[in-house]
Number of protein chains: 2
Amino acid sequence: MARDAQATRERLVASARKAFSERGFERTTVREIAAEAGVNPALINRYFGGKEQLFAEAVSIDLAFPDLSGVARDRIGHALVEHFFRRWEGDAQDDLLRVLIRTAATNEEAASRIRGVLAEQVGMMVARVAGPARVCERASLIATQILGLAYARYVIGLSDGDVAPEVAIAMIGGTVQRYLFDELP
Amino acid sequence: MARDAQATRERLVASARKAFSERGFERTTVREIAAEAGVNPALINRYFGGKEQLFAEAVSIDLAFPDLSGVARDRIGHALVEHFFRRWEGDAQDDLLRVLIRTAATNEEAASRIRGVLAEQVGMMVARVAGPARVCERASLIATQILGLAYARYVIGLSDGDVAPEVAIAMIGGTVQRYLFDELP
DNA sequence: TTCCTTTGTAAACGCTTGTTGACTTTGTGG
DNA sequence: CCACAAAGTCAACAAGCGTTTACAAAGGAA
């Protein structure tokens with residue numbers, strides 16, 4: 001080995017995540033990514049094959065749902081919303097959900113990725129806490145609310161002044177709670 | 001007058017709306033827009049000054065909230081969600097909210113436009129039906145849910161199979177109802 | 001040391017983009 | 001009829017993009 005190729009790969013992936021999360025896929029240039037990583041743009045092609053493949057590699061998301069077994073049944077919705085808020089408050093500039101939400105707007109690959117996360121991770125969580133009945137519908141309903149919250153905060157730019165975290169956790173938590181457990185028509 | 005410049009302008013705006021709503025701002029080219037309108041790309045610069053200005057002119061949105069005076073107080077949320085569904089079911093390919101949601105992801109001008117609509121139109125509606133107290137918070141909460149619904153359907157591509165309209169109207173209508181009238185913490 | 005693979009750079013390529021300025025067509029008022 | 005302004009076309013521009021190709025530095029093995 002010479003001059004640690006592994007490390008440069010990882011720096012490129014990190015720069016890519018940051019750039020994609022700030023500007024989305026189309027507005028981000030490989031030249032920017034390479035510059036931020038301190039290397040030559042050509043390396044992106046050498047290591048990943050191109051911009052598309054770098055994106056695919058940079059964006060693999062894990063919602064990391066918390067352990068809900070110790071949470072009272074009537075507080076699960078609130079716990080989930082609180083989980084996302086905690087995740088977002090930490091200034092992880094490269095938060096992958098943010099990358100995807102921004103990028104999915106004009107990128108089918110990213111949209112498909114979100115559908116996958118929805119079906120697998122959210123669906124799994126719903127099945128675990130609320131049982132197997134109508135999992136897909138409940139997961140989709142929850143997704144409309146959580147994606148909307150993320151979109152409003154990080155794309156539209158609504159601030160804590162517009163939706164204070166404690167208000168959001170209380171009210172939106174109640175909504176998720178309903179989507180989890182209320183009887184569907 | 002010769003060869004109706006007014007009509008050409010309007011055809012360009014219509015093509016622009018359609019293109020922006022399908023592909024967002026960056027992915028749409030002035031050449032596409034002009035081709036769809038059946039004219040030369042140079043006319044976009046002649047009439048609007050450039051792509052940015054065409055976008056600004058093409059996107060001026062009116063949510064067109066229905067008259068809610070005849071709706072029972074405990075059904076207002078449902079009526080609102082139903083209103084949006086009706087709006088979206090009609091295959092208005094050039095629906096402006098769709099344009100904005102897609103474009104705002106990477107375009108600050110569009111994001112700012114949504115903030116404006118939120119503050120003015122949604123805020124106004126909330127004030128009218130629920131009174132002046134904490135209008136901004138209620139409007140923001142409603143926005144997270146409605147934007148999320150639109151995002152899920154038109155960006156992520158969730159279908160009626162994932163969230164059937166009647167289920168969505170019932171459940172999400174209930175949510176909007178809570179955001180309008182429930183006591184906030 | 002010498003060789004040779006790995007890691008990185010430099011410069012250019014081909015393409016598409018938004019935009020521009022000069023030109024042509026068209027309808028109409030004098 | 002005929003000029004003339006309005007409406008539209010055409011071809012080219014400069015800039016930026018992702019990508020490729022050829023070449024230089026680096027370091028371990030022989």
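Chain letters run A, B, ... following the sequence lines, proteins first and then strands; every chain starts at 1.
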Exercise answer: donor-acceptor pairs, residues 70-82 of chain A side-chain atoms, under 3.5 Å, sequence neighbours excluded:
| residue | atom | partner | partner atom | Å |
| --- | --- | --- | --- | --- |
| A:His78 | NE2 | A:Ala170 | O | 3.4 |

Let me know the distance between CG of B:Leu43 and P of D:dA6, rounded to the nearest Å.
15 Å

Nearest whole Å is fine: how far is D:dA7 P from B:Gln6 CD?
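After rounding, the reported distance stands at 10 Å.
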
Review item, side-chain donor-acceptor pairs of residues 130-147 of chain B, under 3.5 Å, at least two apart:
| residue | atom | partner | partner atom | Å |
| --- | --- | --- | --- | --- |
| B:Arg134 | NE | B:Glu137 | OE1 | 2.9 |
| B:Arg134 | NH1 | B:Leu184 | O | 3.4 |
| B:Arg134 | NH1 | B:Pro185 | O | 3.4 |
| B:Arg134 | NH2 | B:Glu137 | OE1 | 3.4 |
| B:Arg134 | NH2 | B:Glu137 | OE2 | 3.2 |
| B:Arg134 | NH2 | B:Pro185 | O | 3.1 |
| B:Arg138 | NE | B:Leu180 | O | 3.4 |
| B:Arg138 | NH1 | B:Tyr179 | O | 3.2 |
| B:Arg138 | NH1 | B:Leu180 | O | 3.0 |
| B:Arg138 | NH1 | B:Asp182 | O | 2.8 |
| B:Arg138 | NH2 | B:Asp182 | O | 3.3 |
| B:Ser140 | OG | B:Cys136 | O | 2.9 |
| B:Thr144 | OG1 | A:Gln145 | NE2 | 3.1 |
| B:Thr144 | OG1 | B:Leu141 | O | 2.6 |
| B:Gln145 | OE1 | A:Tyr179 | OH | 2.9 |
| B:Gln145 | NE2 | A:Thr144 | OG1 | 3.1 |

Nearest to the side chain of A:Tyr47, heavy atoms from C-beta on, is which of C:dT9, D:dT9, C:dG8?
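Of all the options, the side chain of A:Tyr47 is nearest to C:dG8.
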
Reading nucleotides 12-22 of chain C from 5' to 3' and marking B where a protein heavy atom lies under 4.0 Å of the base, S where only the sugar-phosphate is that close, and - otherwise, the string is B----BBBBB-

Ring pair (Phe, Tyr, Trp, His ring centres under 6.0 Å) contacts touching residues 144-167 of chain A (sequence neighbours left out)
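Listed by first then second residue: A:Trp88-A:Tyr154, A:Tyr151-B:Tyr151.
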
B:Phe20: partners by ring-ring contact (aromatic ring centres under 6.0 Å, His included), with sequence neighbours left out
B:Phe25, B:Phe55

For a quick check of understanding: with a heavy-atom distance under 4.0 Å over all strands, which category does B:Phe48 fall into, base, sugar-phosphate or nothing?
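B:Phe48: no heavy atom of the nucleic acid under 4.0 Å.
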
Does D:dA7 have OP1 or OP2 under 4.0 Å away from a side-chain N or O of B:Thr8?
no

Let me check something: any side-chain donor-acceptor pairs from residues 38-47 of chain A under 3.5 Å, sequence neighbours excluded? List them with distances.
| residue | atom | partner | partner atom | Å |
| --- | --- | --- | --- | --- |
| A:Asn40 | OD1 | A:Ala42 | N | 2.9 |

Backbone of A:Ala19 reached by a side-chain donor or acceptor of A:Thr28 within 3.5 Å
yes

